[in-house]
Amino acid sequence: MKRYNPKEIEPKWQQQWEQDKLYEASEDATKPKKYILEYFPYPSGAAMHVGHVRNYTIGDALTRFARMQGYNVLHPMGWDAFGLPAENYAIKTGISPQQAIAQNTARFKKQLTQMGFGYDWSREFASSDPEYYRWTQWFFLLLYKRGLAYRKESLQWWCPVDKTVLANEQVENGVCWRCGSIVEKKALPQWFFKITDYADRLAADLDDLNWTDSIKSMQRNWIGCSKGAEVHFAVEGSGQVITVFTTRPDTLYGATFIVMAPEAPLTTQITTDDQRGAVADYIKQTQAKSDIERQETNREKTGVFTGAYAINPINGERIPIWTADYVLAGYGTGAIMAVPAHDERDWAFAKKFDLPIRRVVQNDEPDDQCAHGEGTMINSGEYDGLETSEAREKIVADLARKGIGSERINYKIRDWLISRQRYWGAPIPMIHCEKCGSVPVPEDQLPVVLPDMQSFEPSGDGRSPLARVEEFVNTACPQCAGPAMRETDTMDGFACSSWYFLRFADPHNADKPFDAEKVKHWLPVDDYIGGAEHAVMHLLYARMWTKVMQDEGLINFNEPFKTLRNQGMILAPDGQKMSKSKGNTIEPDGLIEQGYGADAIRIMELFIGPWNQSAAWSVEGMGGSFRFLQRTWALTQEVIESAGGSDEHIIVKDDELKRVIHRAVHRVSKDLEEMGFNTAIAALMEALNQLYKLKLTIPMGVHGDTWYWAMETFLQLLAPFAPHMTEELWEQLHHEDSIHLSSWPTYDEKYLVSDTLTIVVQVNGKVRAQVQVPADASKDQIIKAAGADPKAAEYLAGKEIRKTIFVPGKLVSFVVT
RNA sequence: GGGCGAGUGGCGGAAUUGGUAUACGCGGCGGACUUAAAAUCCGCUGGCUGAAUAAGCCUUGAGGGUUCGAGUCCCUCCUCGCCCACCA
């Protein structure tokens, strides 16, 4: 008997599949398509561990299942190669990023291949290939042409360690998302993408996506749509006007002061001479505070009076103007009307500085704290007696009519800052000319090739290392042909990953980013699989680019990823996050070397728990996965060796064997439709245990054909999880074509039920007995049998049956006195 | 503070959505094979009372409720995880 030896069969089939181009996809109109994609990885210095591998295992199992179901499947793989991980790795090891990428992608590819993942490698590319980033630059120019890319000097987040600016999405609690250092603000001219133009669509279109509620709500939260109004307050004794944003225009009569953000330019302008010193000091203090300090919750309110007064446009009231750091310069208009009676922050501020509080909404909330609820208007002139919701509409309409306000929707999201002062990225294809200003590089001059540099460490002065390469910088203006300088910043890596899923449909097109027909065939992505960490970065950016392309008429859909699957994290056996620095990572290479094999690892990845929940890796669990495969192997060998049996001497029926398999087909199919990988594998283990029992009562020598069919079918059900072993045994069962191209098995309803049913008998809700009844027994027969059971009868004796509940196929419940 | 989610054996987790709670796996215990070990195979394994593979009681974070029947539905509370956090 041949022993199960994954070390022997796994490499064999990996080579065979590659040779047969088994996983290469082409447009085939005769079959429904399915595009399954896992986030393309950063080929960083650290090898992939079993946590990363889970992501690809899920995608691969889905792919194989879909293919066997008759879908034409696209399952590509590539490399998110630009960006800091590769560059930092290169700096650390002293090799060039180009070399680092080549080296790391080779290792990642080997790791993916040895796991048996079926990718269409003919579509492979890296985002750092000039053939690819040429088109990333082309999209930059498209955004520029559509007014969605602009350059502006402003204060931006600056990471002092990575020595580059960061997008808002990349600053988490005041620290750099990548290296964890505290970020600073720096004034630099920077390129932005106008994602704010898409805020409304990005929020609205979430409704139709099959994504988890948590990711959707993260995005909604990040986009932060608030409906309200702008109101203009004249500053007394000056021509200045302060515009405030409020979501509660109904409380306008309750506005007893104005608060302006310290950084708002108008704040200094309206400050009176006698308050100038105090305000200047306060602004200085504010700027000295780190962002973490400013975000501290429940912080004592601080602020200073500016000396100026504003006029409330609705009632002519004269109210003081203060400045305080709880009002943010970057949101809304940088100024608010404070309504302390109905806003907690304003309440706290008014209490601290002894400012007037006037209640304008009557409801059952107490007077001695702020009341944010709805209610009836009071102290509000002509609006008294209205419900707040009515008052809101009426006041906004009146303000608009008088030209002192208007309806307004505000978004929290800011424009996406894409300039990076780092070497390893796609150069921004713009040229700065003294005469013509910023001029786009003509399309026929793309790509703007990233020059080779020996020493590409960031300079830290806010300028990109590319600024040191004179041959790169000095160029001619495309418009006037005069001397000009290239833009030296590179693009955020997230720009490169905002369209890669489209490129996979047509990865080697040299004339355009992709062929419209090919994209139309494959996109949108049907299943997108990855961790939740990209919620407000990649997943938001890619959605925006998709909408831009739709507006440009390049594609015919508005969302790139119909279904998003966020896999749970694999933790180290100690329950901690796996990381190289903690030294607790487990890599598949070692497990394969130990002899478990890729198939057992794949089973383990999926069986460890629900795919979307995190789980701690279990060293012992690997043994269980291996044993299951080993038992499958051994049973198949027995079937092969007993081949040639005939049905001549039928003594025992083989119905039970058929039932086991048909039930397994039913359960595994159903579980896989719902991504129930762990229960699908459990069902297979259960079926295998039953087969081991059945071989004692249904001899293989007698029912050889049925056994042969049973193992064949079993292997097909197992194929999405354990592709190598099933392929090997499929061949040993004399099949010439790959098991992965075979059709998913079907089941016959009649084998899902047995001849007899077990009916539970309850008395007053407690289980007292089980009775066996023929599957075709009538309701009356079953109730009679239930009542006649000795155990049940004991509990029924001398009692009056008040009610009998009958659940077909399940139970009889007697309610007695 | 707000949002989303989760609490089931020694452990990872099942439970057809209101119908035998603890499937499957790990771990543990016992046995077979072996000079022995590994590997493999076969049993048993939620808790308590019991000699018992007799019988009974208890058990899904805690407490209440609805129901013949609740892990599942409703109310109150506790704990943990993730995300957002002075956004007017």
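Quick note on labels: first sequence line is chain A, next is B, and so on, each numbered from 1.
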K.L.:
Quantified in whole Å, what is the P atom distance between nucleotide B:rC44 and nucleotide B:rU22?
P.N.:
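Their P atoms lie roughly 15 Å apart.
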K.L.:
Could you check which nucleotide pairs with B:rC41 in any of the strands shown, counting Watson-Crick or G-U wobble with both distances under 3.5 Å?
P.N.:
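The base-pairing partner of B:rC41, which may sit in any strand shown, is B:rG31.
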K.L.:
Within the 4.0 Å heavy-atom criterion, would you say A:Leu811 contacts the bases, only the backbone, or no part of the nucleic acid?
P.N.:
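Answer is base: heavy atoms of A:Leu811 come under 4.0 Å of a base.
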K.L.:
CE/A:Met622 to CD/A:Glu605 distance, rounded to the nearest 0.5 angstrom?
P.N.:
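Between atom CE of A:Met622 and atom CD of A:Glu605 there are 8.5 Å.
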K.L.:
Take the protein atom NZ of A:Lys227 and the nucleotide atom P of B:rA88, then report the distance between them rounded to whole Å.
P.N.:
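That distance rounds to 13 Å.
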K.L.:
Quick one: is A:Tyr326 getting a side-chain N or O under 4.0 Å of the B:rA88 phosphate, OP1 or OP2?
P.N.:
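The answer is no; no side-chain N or O of A:Tyr326 sits under 4.0 Å from OP1 or OP2.
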K.L.:
Considering only the P atoms, how many Å lie between B:rA14 and B:rC68, rounded to the nearest integer?
P.N.:
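To the nearest whole Å, 32 Å.
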K.L.:
Mark yes or no: A:Arg631 above the aromatic ring of A:Tyr692, with NZ or CZ under 6.0 Å from the six-membered ring centre and no more than 45 degrees from the axis.
P.N.:
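Verdict for A:Tyr692: a cation-pi partner in A:Arg631.
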K.L.:
For the side chain of A:Thr267 and the backbone of A:Met260, is there at least one donor-acceptor N/O pair under 3.5 Å apart?
P.N.:
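No: the side chain of A:Thr267 does not pair with the backbone of A:Met260.
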K.L.:
Is A:Thr246 touching bases, backbone alone, or none of the nucleic acid, heavy atoms closer than 4.0 Å?
P.N.:
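The residue A:Thr246 makes sugar-phosphate contact but no base contact.
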K.L.:
Give a yes or no on whether a salt bridge exists between A:Arg392 and A:Glu374, defined as a side-chain N under 4.0 angstrom from a carboxylate O.
P.N.:
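A salt bridge links A:Arg392 with A:Glu374.
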K.L.:
Considering every strand and a 4.0 Å limit on heavy-atom distances, what is the contact class for A:Arg631: base, sugar-phosphate, or nothing?
P.N.:
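If one applies the 4.0 Å heavy-atom cut-off, A:Arg631 turns out to touch the sugar-phosphate alone, with no base involved.
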K.L.:
Of A:Thr247 and A:Lys810, whose nearest nucleotide on RNA chain B comes first from the 5' end?
P.N.:
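Residue closer to the 5' terminus by nearest nucleotide: A:Lys810.
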K.L.:
Touch check for A:Thr212, heavy atoms < 4.0 angstrom, all strands: base, sugar-phosphate only, or nothing?
P.N.:
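Contact class for A:Thr212: none.
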K.L.:
Quick one: A:Lys352 NZ to B:rC86 P, roughly how many Å, whole number?
P.N.:
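So the two atoms are 18 Å apart, to the nearest Å.
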K.L.:
Mind calculating the distance between CG (A:Asp346) and P (B:rA88) to the nearest angstrom?
P.N.:
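Rounded to whole Å, this separation is 12 Å.
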K.L.:
Sort out the partner of B:rA54 for me: Watson-Crick or G-U wobble, both distances under 3.5 Å, none otherwise.
P.N.:
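Answer to the pairing question: none, since B:rA54 forms no Watson-Crick or G-U pair.
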K.L.:
Would you mind classifying the nucleic acid contact of A:Arg627 as base, sugar-phosphate or nothing, using non-hydrogen atoms under 4.0 angstrom?
P.N.:
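The answer is sugar-phosphate, as A:Arg627 gets under 4.0 Å only of primed atoms, P, OP1 or OP2.
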K.L.:
Could you let me know what B:rU76 is paired to, Watson-Crick or G-U wobble, both distances under 3.5 Å, or none if it's on its own?
P.N.:
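B:rA62 is the nucleotide pairing with B:rU76.
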K.L.:
Could you check whether the rings of A:Tyr747 and A:His666 sit parallel, tilted or perpendicular, using 30° and 60° as the cut-offs?
P.N.:
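Answer is perpendicular, since the angle exceeds 60°.
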K.L.:
Kindly write out the residues that satisfy side-chain hydrogen bond (donor to acceptor under 3.5 Å, both in side chains) with A:Ser214, not counting sequence neighbours, or none if the list is empty.
P.N.:
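For A:Ser214, no residue satisfies side-chain hydrogen bond (donor to acceptor under 3.5 Å, both in side chains) once neighbours in sequence are set aside.
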K.L.:
Between atom NZ in A:Lys791 and atom C1' in B:rA54, what is the gap in whole Å?
P.N.:
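Distance, rounded to whole Å: 10 Å.
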K.L.:
In whole Å, what separates the P atom of B:rC84 from that of B:rA15?
P.N.:
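Between the two P atoms, the distance is 31 Å.
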K.L.:
What interatomic distance, in whole Å, is found between P of B:rU76 and the corresponding atom of B:rC83?
P.N.:
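About 28 Å, rounded to a whole number of Å.
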K.L.:
What integer number of Å spans the P atoms of B:rU72 and B:rG65?
P.N.:
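After rounding to an integer number of Å, I get 14 Å for this pair.
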K.L.:
Using the closest heavy atom to pick a nucleotide of RNA chain B for each, name whichever of A:Ser217 or A:Val807 lands nearer the 5' end.
P.N.:
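Its nucleotide being nearer the 5' end, the pick is A:Ser217.
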K.L.:
Tell which nucleotide pairs with B:rA88, taking only Watson-Crick or G-U wobble pairs whose two distances are both under 3.5 angstrom.
P.N.:
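Base-paired to nothing in any strand shown.
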K.L.:
Looking only at the side chain of A:Glu686 (C-beta and beyond, no hydrogens), which of the listed nucleotides B:rC68, B:rC24, B:rU20 gets closest?
P.N.:
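My answer, after comparing the listed nucleotides, is B:rC24.
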K.L.:
In whole angstrom, what separates A:Leu688's CG from B:rA23's C1'?
P.N.:
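From A:Leu688 CG to B:rA23 C1': 16 Å.
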K.L.:
For B:rG81, which nucleotide in any strand shown is its Watson-Crick or wobble partner with both distances under 3.5 Å?
P.N.:
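WC or wobble partner is B:rC4.
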K.L.:
Counting any heavy atom closer than 4.0 Å, what does A:Lys693 reach on the DNA or RNA strands: base, sugar-phosphate only, or nothing?
P.N.:
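It contacts sugar-phosphate atoms only.
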K.L.:
Determine whether a donor-acceptor pair (one donor, one acceptor, N or O, separation below 3.5 Å) exists between the side chain of A:Glu344 and the base of B:rG1.
P.N.:
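Such a pair does not exist between side chain and base.
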K.L.:
Pull out every protein N or O sitting under 3.5 Å from an N or O of nucleotides 82-84 of chain B, one pair per line with the distance.
P.N.:
unit_1	atom_1	unit_2	atom_2	d
B:rC84	O2'	A:Asn221	OD1	3.0

K.L.:
With a 4.0 Å cut-off on heavy atoms, is A:Arg768 in touch with a base, just the backbone sugar-phosphate, or nothing at all?
P.N.:
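Here A:Arg768 touches the backbone only, sparing every base.
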K.L.:
With a non-hydrogen cut-off below 4.0 angstrom, is A:Asn689 in contact with a base, only sugar-phosphate, or nothing?
P.N.:
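If one applies the 4.0 Å heavy-atom cut-off, A:Asn689 turns out to touch the sugar-phosphate alone, with no base involved.
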K.L.:
What integer distance in Å separates A:Asp343:CG from B:rC86:P?
P.N.:
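Going from CG in A:Asp343 over to P in B:rC86 covers 13 Å.
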K.L.:
Quick one: A:Ile608 CD1 to B:rC11 P, roughly how many Å, whole number?
P.N.:
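Spelled out: CD1 on A:Ile608 to P on B:rC11 is 16 Å.
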K.L.:
Can you confirm whether or not the ring centre of A:Phe626 sits under 6.0 Å from the ring centre of A:Tyr4?
P.N.:
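Distance test on ring centres: under 6.0 Å, yes.
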K.L.:
Taking the C1' atom of each, how far is B:rU8 from B:rG13, in whole Å?
P.N.:
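The same atom, C1', in both gives a distance of 9 Å.
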K.L.:
Sticking with atom P, work out how far B:rC73 lies from B:rC86, rounded to a whole angstrom.
P.N.:
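About 35 Å, rounded to a whole number of Å.
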K.L.:
I'd like to know if A:Asp213 pairs up with A:Arg220 as an ion pair, taking the criterion as any Lys NZ or Arg NE/NH1/NH2 lying under 4.0 Å from an Asp or Glu carboxylate oxygen.
P.N.:
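No, A:Asp213 and A:Arg220 are not salt-bridged.
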K.L.:
Just label B:rU16 as syn or anti from its O4'-C1'-N9-C4 or O4'-C1'-N1-C2 angle, using within 90° of 0 for syn.
P.N.:
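Anti.
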K.L.:
What's A:Gln762 touching, base or sugar-phosphate or nothing? Going by heavy atoms closer than 4.0 Å.
P.N.:
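If one applies the 4.0 Å heavy-atom cut-off, A:Gln762 turns out to touch a base.
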K.L.:
By the 4.0 Å heavy-atom rule, please label A:Tyr795 as base, sugar-phosphate, or nothing.
P.N.:
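Touches sugar-phosphate only.
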K.L.:
Any side-chain N or O of A:Asn678 under 4.0 Å from OP1/OP2 of B:rA14?
P.N.:
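Checking A:Asn678 against B:rA14: at least one side-chain N or O falls below 4.0 Å of OP1 or OP2.
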K.L.:
Any chance CD of A:Gln369 has more than 12 other-residue heavy atoms, nucleotides or ligands included, within less than 6.0 Å?
P.N.:
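For A:Gln369, atom CD is crowded (more than 12 foreign heavy atoms under 6.0 Å).
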K.L.:
Which part of the nucleic acid does A:Glu620 contact within heavy-atom distance under 4.0 Å: base, sugar-phosphate only, or nothing?
P.N.:
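A:Glu620: backbone/sugar contact only, no base atoms under 4.0 Å.
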K.L.:
With rounding to whole Å, what would you report as the distance between B:rG69 and B:rC48 at their C1' atoms?
P.N.:
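The answer is 24 Å between these two C1' atoms.
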K.L.:
Run through A:Thr246, A:Thr251, A:Asp250 and flag the one making a side chain to side chain donor-acceptor pair (under 3.5 Å) with A:Arg248.
P.N.:
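One option only clears the test, and that one is A:Asp250.
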K.L.:
Describe the nucleic acid contact of A:Lys766 in one word from base, sugar-phosphate, nothing, applying a heavy-atom distance below 4.0 Å.
P.N.:
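Sugar-phosphate contact only.
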K.L.:
Since syn is defined as within 90° of 0, does B:rG81 count as syn or as anti?
P.N.:
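Anti for B:rG81; the angle lies over 90° from 0.
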K.L.:
Can you check B:rG46 for me, syn or anti if syn means within 90° of 0?
P.N.:
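Base orientation: anti.
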K.L.:
Give, for atom NZ of A:Lys412 and atom CG of A:Asn221, the distance between the pair rounded to the nearest 0.5 Å.
P.N.:
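Those atoms lie 4.5 Å apart.
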K.L.:
Once you round it to whole Å, what is the distance between C1' of B:rC11 and CE of A:Met604?
P.N.:
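Spelled out: CE on A:Met604 to C1' on B:rC11 is 12 Å.
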K.L.:
Heavy atoms from C-beta onward define the side chain here; which of B:rA88, B:rC86, B:rC24 lies closest to that of A:Ile336?
P.N.:
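In terms of side-chain proximity for A:Ile336, the closest of B:rA88, B:rC86, B:rC24 is B:rA88.
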K.L.:
Within the 4.0 Å heavy-atom criterion, would you say A:Gly624 contacts the bases, only the backbone, or no part of the nucleic acid?
P.N.:
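The answer is sugar-phosphate, as A:Gly624 gets under 4.0 Å only of primed atoms, P, OP1 or OP2.
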K.L.:
I'd like to know whether the aromatic ring centres of A:Phe353 and A:Phe257 sit less than 6.0 Å apart in this structure.
P.N.:
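Aromatic pair excluded; centres sit 6.0 Å or further apart.
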K.L.:
Using Watson-Crick or G-U wobble geometry with both distances under 3.5 Å, which nucleotide pairs with B:rC26?
P.N.:
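Check on B:rC26: paired to B:rG10, both distances under 3.5 Å.
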